[in-house]
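Since the structure comes first, as structure tokens, the remarks are kept for the end.
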Amino acid sequence: MRIRYGLEIIVAVVILLFFAAFLYAGMKSPDTVFPGTDTVAAEKIAGPAGGTVQPLVPQWIPPAGMEATLFALQAAAGGFCIGIVFGFWIGQKKTSAGGQ
Amino acid sequence: MEGFLSPLWCIFWWLVAVPCLILGMKQLNRVVRSDREALPLLGVTGGFIFLLSSLKLPNPFGTSSHATGTGLSAICFGPWVTSIVCAIVLLFQSLLLAHGGLSTLGANIVSMGVAGPFAGYLVYRVLKDTRAGIPAIVFLATATADLVTYTVTSLQLALGSVSPVNGDPTTAFIVYLGIFAIPQILIAVLEGAVLSLVFKYIVALRPEILIRLGILTETKISAAREQV
């Protein structure tokens, strides 16, 4: 038997399981701040004394609030492209279906 | 991460990245000239790289990282064109977000823009003529692209970080795999599931583009519509 929205249901279950796993991890250790893996790796490279000499250092690091805004801007740019194209395709499909 | 790869390794990864980018530009030009109707699809696949690589997702291992979104672009346009889109995303992140860095941009292009997409593309090409369903193939290809990206990042750091962990590249590789690749497995599964759903909608809305680009045959499109 073919379920009409089978893939959608599977994806929804995967998303729910993912967030359940993350919530469980958060509840198990409430102090976890979920640092980025690159931050963890940087700490590993720097070592316990943090004394590694970096040949190059970033010339500008955005403040935390601005960083979040810029990441949101990047996500918005991607979402805008996706939305425009899918909207265009759906519109085209409806127009061609209406014309027939 | 700016400054965490030794200068010689930065140069090495740039030398690997540049020919891939040149090849990518050539292929992108060919797509732009030969099939303008494929450009919206390029916009969608590029949009997913922009979107997914900006979302830092927490994982049960207590850290957070982002998906790459490169698998879909690799399936539709191949790994070389994907390297161009990734280079744009990574340049944006390194200039404005101090995420990555200009010295390590070559290494990041190779891991996220070349190695990951190439692995995903390979999985797709190998599996596409088998009896496996299209959603399953897209899932495997996109999840592989994600995981290989972080595996190659681990390798790059193990080989060329300014302060090798324990001084031994093999041990360092295992340590970095534990930091980058193992926690990424769940995110790769999530990415694979989401992108296989997106691919289903592309098949439903504009199958003719996929046929023209040689991604799927008409028979496969009909079969894909029947599956799930």
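These figures come from a predicted structure and were not determined experimentally. Chain letters run A, B, ... following the sequence lines, proteins first, then strands; residues in each count from 1.
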Given a strict heavy-atom distance threshold of 4.5 Å, which part of [X] is in contact with chain A: side chain, backbone, both, or neither?
X	value
B:I187	both
B:L41	both
B:I209	side chain
B:F48	both
B:Q93	side chain

Would you compute the distance between atom [atom1] of [X] and atom [atom2] of [Y] and round it to the nearest 0.5 angstrom?
X	Y	atom1	atom2	result
A:C81	B:I49	SG	CD1	11.0 Å
A:I82	B:Y201	CD1	OH	14.0 Å
B:F4	A:K44	CZ	NZ	13.5 Å
A:T39	B:I179	OG1	CD1	10.5 Å
A:I9	B:L197	CD1	CG	11.5 Å

Item to check | Student check: side-chain heavy atoms of B:I202 and A:W89 closer than 4.5 Å | outcome: yes
Next on the checklist: Do B:L57 and A:F34 have side chains that approach each other closer than 4.5 Å (heavy atoms only, starting at C-beta)?
Outcome noted: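 Side chain of B:L57 against side chain of A:F34, heavy atoms only: no contact under 4.5 Å found.
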Checklist entry - Yes or no on side-chain contact (heavy atoms from CB on, under 4.5 Å) for B:L55 and A:F71, after CA distance, side-chain angles and deciding distance? => result CA-CA 8 Å; B:L55 300 177; A:F71 265 119; over 6 Å; no
Next on the checklist: Looking at A:Q92, I want to see if its CD is surrounded by more than 12 non-hydrogen atoms of other residues, nucleotides or ligands under 6.0 Å.
Outcome noted: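 Yes, enclosed.
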Checklist entry - Using non-hydrogen atoms only, which part of A:F18 is less than 4.5 Å away from chain B: side chain, backbone, both, or neither? => result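 Contact with chain B is through the side chain of A:F18 alone.
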Next on the checklist: Can you tell me which portion of A:I90 sits under 4.5 Å from chain B's heavy atoms? Options are side chain, backbone, both or neither.
Outcome noted: both
Next on the checklist: side-chain contact (heavy atoms from CB on, under 4.5 Å), that's the test. Do B:V198 and A:F86 meet it? Break it down for me.
Outcome noted: CA-CA 10 Å; B:V198 171; A:F86 270 105; 4.1 Å; yes
Checklist entry - Run the side-chain contact (heavy atoms from CB on, under 4.5 Å) check on A:E67 and B:L96 step by step: do they pass? => result CA-CA 8 Å; A:E67 188 186 10; B:L96 293 177; over 6 Å; no
Checklist entry - Between B:S196, B:P58, B:S94, which shows the greatest number of heavy-atom pairs under 4.5 Å with chain A? => result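 Result: the option with the highest number of such pairs is B:P58.
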Next on the checklist: Looking only at heavy atoms and a cut-off of under 4.5 Å, which of B:G192, B:S53, B:S154, B:P60 has the most pairs with chain A?
Outcome noted: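 Most heavy-atom pairs under 4.5 Å with chain A: B:P60.
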Next on the checklist: Test your reading of the model: is there a side-chain donor-acceptor pair from B:S65 to the backbone of A:T37, 3.5 Å cut-off?
Outcome noted: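 The answer is no, because no donor-acceptor pair under 3.5 Å joins these two groups.
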Item to check | Check: B:A204 main-chain N/O paired with A:K93 side-chain donor or acceptor under 3.5 Å | outcome: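 Side chain of A:K93 to backbone of B:A204, a donor-acceptor pair under 3.5 Å: yes, one is there.
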Checklist entry - Given the rule in the side-chain contact (heavy atoms from CB on, under 4.5 Å) test, do A:D38 and B:K56 qualify, once you have shown the distances and angles that lead to the verdict? => result CA-CA 11 Å; A:D38 46 355; B:K56 277 202 167 184; 3.7 Å; yes
Checklist entry - Looking at A:A21, A:P35, A:G26, which one has more heavy-atom pairs under 4.5 Å with chain B than the rest? => result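 Highest number of heavy-atom pairs under 4.5 Å: A:P35.
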Next on the checklist: Quick check: closest heavy atoms across B:F50 and A:Q74, and the distance to 0.1 Å?
Outcome noted: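 Closest approach of B:F50 to A:Q74: O-NE2, 3.0 Å.
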Item to check | Nearest heavy-atom neighbours spanning A:A41 and B:L157 | outcome: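 Where A:A41 meets B:L157 most closely, the heavy atoms are CB-CD1, 4.3 Å.
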